[in-house]
Each structure stands twice: as structure tokens, then as C-alpha cells.
Amino acid sequence: MRDAIIIGAGVTGIYLLHRLKDLGLDATVLEAGDDLGGTWYWNRYPGARFDSESYSYGYSFSREIFDEWNWSEHFAGQPETLRYLNFVTDKLGIRDHMQFGCQVTAATFDDDNNCWRVEMADGRIETGRYLLGALGILSAPTLPRIDGIDTFEGEAFHTYYWPKDRDVELAGKRVAVIGTGATGVQAISEIAPKVGSLTVFQRRPNWCAPLHNARIDEAAQAQYKASHDEIFEKLSQTRGSFLHDVDPRSYHDVSEEERLALWEKLYGSPGFGVWLSNFAEVFLEPEVNAVYSEFIADKIRSRVNDPETAERLIPKDHGFGNQRVPLETRYYEAYNLDTVHLIDAMATPIERITKTGIKTSEEDFEFDLIIYATGFDSFTGSYDRIDIRGSGGQKLRDKWHDGPVTYLGLQAAGFPNLFMLAGPQSASASSNFPPSIEACVNWTVEMITHLKANNLERVEASPGAEEAWTDAIKAGYKGTMLARAKSWFTGYNSNVDGHDKLRHMMYLGGAPTYRATLADVAAKGYEGFELK
Ligand code: NAP
């Protein structure tokens, strides 16, 4: 029996494996893909890139890695990020401890031996004391539930499964994109000028803002290398572990001139400042949010030539920032091309996919390629897709039927020795992912070290601690605008049964508070956990 089985060779799994190997533990990574990289292995669609600054997305645990790796763009594209993760893995010398092509189908806790038995699709079995989920929060892609989806005779795939072994021919092709979340927005912007024609099927628009990406020249490279300490100090202080933080002034204390000056500056600046460096009231007070939303709506109007199309691209059902804000590069300008058409899939819904294309309530379209940018069964989907059975055979899928229930976003009562790194109800999605995963990994590795040092074989969240944590998570949503928005943040997905109401997926108290809570639990002898 191994000490630990990690599922997933993405940003989390790589660092976790490194820490466990460093302790001399027998750990292996089981990865469904043919290689490492997780999100950055799968999502190869054109335009896939960071919207966190590259140097804030890299790992912080090794100064050597930080110094040796040169990001070429302020917001790196998928190929570069995948190269980075391969570089890190080889530098750490841990590749041999990863097994690829392992689709984990089931995991069962053995109460007699306090260990997990993990089954893979090809019949392989692994057993380990600890099962460590490094599954990511957006790794269970969902196709739309539209009649006839299997009948299309052209090429079609979900963006997550963009082919990796061949180039997809775009030139001259009649292409459809369904979905306008962050993925659709990146893909549409990139392919619009390259295809014969592009038809975008949009149900609800998102609020998007410019990324302002640029290459990192020599001077900027030297500057960011010299700023190592400042960068990570800043990431450790901000609520979302981003380089951007809320404006300290109150919206109500500044003149209209000052307010507009800030907003113009943010709209013209790189990255998430347009979302995260605003006045706090923008996200707390609906009236203020409406003023900012109108400011952004005017920007959209100024970038789209056809006023009707512009109005269609402006969200009416939620204010700016209450769903994930896609950052874009010439997204709105794509709709000024004669070859790009925007279909309102609310007014004229898609009725079916046909052999030759897409039929809406109004029109029959013919396509060569259909791209489904239709999102993910967020947070819990990747766990639900594995038949996970805890103590006494209870299923995690059943326990989480109405939404996740966890302690610290790391464990679920009844599922001993299973840790979910950066999982549901942790601070992962409410913050820049890598710093959050490093915190979760460090804490879990310390916990495992403690258990081994004390000859303990079993650790389990107590039902009381789990209930209190989940109640606190739910309370965090009360009265927020976020709670009313229907997106993957809040667990809505029209393509998954039962995901049509708010699911409390995220810790909303901010990354520094989350880390302090973890530290406090450990300092109190792992309060809320039963150790045996
Ligand atoms: P998403 O935000 O959930 O968007 C899915 C889109 O598909 C929505 O526009 C949705 O419309 C539409 N859709 C779903 N089912 C449909 C149907 N049956 N008919 C018509 N439209 C349908 O998913 P995503 O765009 O993949 O993004 C998910 C997250 O991944 C992002 O928010 C982001 O956090 C992450 N991501 C990050 C980056 C990056 O820059 N680092 C890039 C891409 C993605 P409705 O809104 O009407 O449901």
C-alpha cells in the first residue's frame, strides 16, 4: 500500500507530489490525460491564456524556479503555461512518479485497513493510505443538452477537448460557437479573423473587459525578477491573492471626476484591475454596481459598430462582476467583421443540431465546425464523475446531491483520509488559483506529517465541524449580489440535472482569512478533525 494517491497532474498535483516525495513518502499521481498539465493540458482552444499576470500565476515555493523561468508575455498563452509546468516537473525530477492515461472510475474507503482502493477504467487498481483530490474546479466539461447533437456530420467538440495531435482547419470554414463565457470570448476573439464565417450563439452575455496583454521585454523581465519579494508579499496580502486590490477610498467620498478618472484608468490597465481594484461599494451596493455597469456598457457601445448588436452584447440580467469577468483582446471588435454574426439564443433558441448544422426557432444554419464553449460542471463535477464511497459505503455523490458539504473545503465527514485540495468551499475559486493551492497543499502535507509522526492512521472531519463550516459558507452568500447571479460560481448549469439553484461552492471570506483559519485549526491540534 502506498502512502498517498493523488488524482490529477495539474498545478495542484505537481506541487503536492513534490512535497510528498520530499518527505520520502510513497506517492503516485494518477492522471487521465496522456501527459501532465491539467487545465493547461486539456484547454488547447485558440486564445486560451492567463488572465492573472504570468508571474503571479507561477509557483512561489521555489526562488530558483522563479529566477530560471522567463515568461514571454504578461498574460501567457496555454502552450507557454504547459511548457512551464513541464519545466517545473522536470526540474523537481518527479515525472517518474506520475501515471498517465489513468481514468479513475471509483475509489472506496476500506474501514478495516484505513486506506483507499482506487480503480481505473483499464482495470488497474492502486491502494493508498491517503487519497488526495487534485482534480481542479473546472475539469468536468459539459456539452449542451440539445437534440440531435450526435447527428452532426461536420467536425464538433467541446473547447476542453480541442484536438491536440493535429491542427484544426479554420481558413474558409463556416464555424459556429455556442457559449460566451470566458472560454467562448477568448476563442471567438482569436478565430473570428481566421475563419470563412463565424456564427456565435449567445444565450446570456457576460461583462467583458480588455486584457491589455503585451510581451515582456528585457527591461520588464529584469524588473519582475527583481520584484520577487514584493510580488509574493502583495499576493499574500490581497483578498483574492491577486496583484490587484480594492481601492481604499469610498465610492461615496470621491467626486464624479475622480471616480471616472479611476474607472478610465482601470479600463485602460492590464488584467483584473477593472474588476478587483474598484471601490468596494461596486460589489456591495446594487445602485453603485448599476452605475459602474453602465460605464462598462458605454464602453461596449463605443466598440461595436451596430447598435443592435452592441445592446445584445450588454448583460441585462446581472451587474458587472457578479459573474466571472472574461478578459478579452478585441472581442467586441470581432462583431464589426462582416463575417461574424451574433444570434440571440434566448429570443430564437436552438431547437436541434442537424446533420448539417444548427436549427433555431427561426433559421436553419449550415456549418463545417461546431465549437461547444459550454462550460463545466464546476467544483463538484469532477468528484461526482468518480464513484467515491467513504466509510460504510456512503457515496460522496449522494452526500453532495444538493451541493457540497465540507469542513474547510478540504474534507467531508464520512470520507476519512480523503483530502480535496483547493476543492469546493475552499478559497480556490474566489482567488488566484496557484497561491491558494500552495496554501492548501502546505497545510495538508503538514497534517499528513503530523499523522505519521504520531502513528495515526485515520483522519476525518467531525460532522459538527462540517456543519458549522458549511453554515458559515452559506452565510457568506446572504444578501450578496453574487448569490443571485446564475453562473458556474454559484453552481448553475443548465446541462446538469438539478443544477438549477444556488449551490454554495466558494469560501467568500478572502484568502488571508482562509489561510489564517487553516493555521488556527492546525495550532489547536487539528480542531474539528477526529484523529485515530
Ligand atoms: P462558462 O462561463 O460556464 O460559460 C458557458 C457558456 O455556455 C455560457 O455562455 C452559457 O450560457 C453557454 N451555454 C451552456 N449551455 C448552453 C446551451 N445549452 N445553449 C446555449 N448556450 C449554452 O464556461 P467557460 O466559458 O468555459 O468558463 C468557465 C471558467 O473557466 C471561466 O469563468 C474561468 O474562470 C475559466 N477560464 C479561465 C480562463 C483564463 O483566462 N484563465 C479562460 C477560460 C476559462 P448561459 O450563461 O446562458 O448559461
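Everything numeric here is computed off the predicted structure, so don't read it as measured data. Ligands are counted one by one from 1 in listed order, and the atoms in each one are counted from 1 as well.
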Using a heavy-atom cut-off of under 4.0 Å, does the side chain or the backbone of Arg324 touch ligand 1, or both, or neither? side chain
So is there a nitrogen or oxygen of Trp40 less than 3.5 Å from a nitrogen or oxygen in ligand 1? no
Taking heavy atoms and a distance under 4.0 Å, where does Asn206 meet ligand 1: side chain, backbone, both or neither? neither
To the nearest 0.5 Å, atom CZ of Phe157 lies from atom CD1 of Ile370 at 11.0 Å
Which ligand 1 atoms are under 4.0 Å away from a heavy-atom of Gly179? 6 (C), 7 (O), 9 (O), 12 (C)
Does Arg145 reach ligand 1 with a nitrogen or oxygen that is under 3.5 Å from one of the ligand's nitrogen or oxygen atoms? no
Numbered atoms and elements of ligand 1 in range of Tyr45, under 4.0 angstrom, heavy atoms: 42 (C), 43 (C)
Should the heavy atoms of other residues, nucleotides or ligands under 6.0 Å from CD of Gln223 be counted, would the total exceed 12? no
Mark up the atoms of ligand 1 that fall under 4.0 Å of a heavy atom belonging to Phe376, in ascending order. 26 (O)
Member of Ile6, Leu421, Leu132, Ile7 meeting the side-chain contact (heavy atoms from CB on, under 4.5 Å) criterion with Thr12: Leu421
Check each atom of ligand 1 against the heavy atoms of Arg49 and keep those under 4.0 Å away; list them by number with element. 39 (C), 40 (O), 41 (N)
Which atoms of ligand 1 are found less than 4.0 Å from any heavy atom of Trp488? 2 (O), 3 (O), 28 (C), 29 (C), 31 (C), 32 (O), 34 (O)
Under 4.0 Å from a heavy atom of Gly181: which atoms of ligand 1 are those, numbered in the order shown and with their elements? 2 (O), 4 (O), 6 (C), 9 (O), 25 (O)
Leu313 CG to Trp207 CH2 distance, which is reported to the nearest 0.5 Å: 11.0 Å
Measure the spacing between NZ of Lys359 and NZ of Lys355 and express it to the nearest 0.5 Å. 16.0 Å
Using a 4.0 Å heavy-atom threshold (strictly under), name the region of Ala373 that reaches ligand 1: side chain, backbone, both or neither. backbone
Could you go step by step and tell me if Thr406 and Gln425 meet the side chain to side chain donor-acceptor pair (under 3.5 Å) rule? CA-CA 7 Å; Thr406 77; Gln425 299 188 341; 2.8 Å; yes
At under 4.0 Å between heavy atoms, which part of Leu138 makes contact with ligand 1: side chain, backbone, both or neither? side chain
Short list, please: which atoms of ligand 1 are under 4.0 Å from a heavy atom of Asn495? 14 (C), 15 (N), 18 (N)
Test side-chain contact (heavy atoms from CB on, under 4.5 Å) applied to Thr159 - qualifying residues, sequence neighbours left out: Tyr45, Thr183, Ile371, Ala373
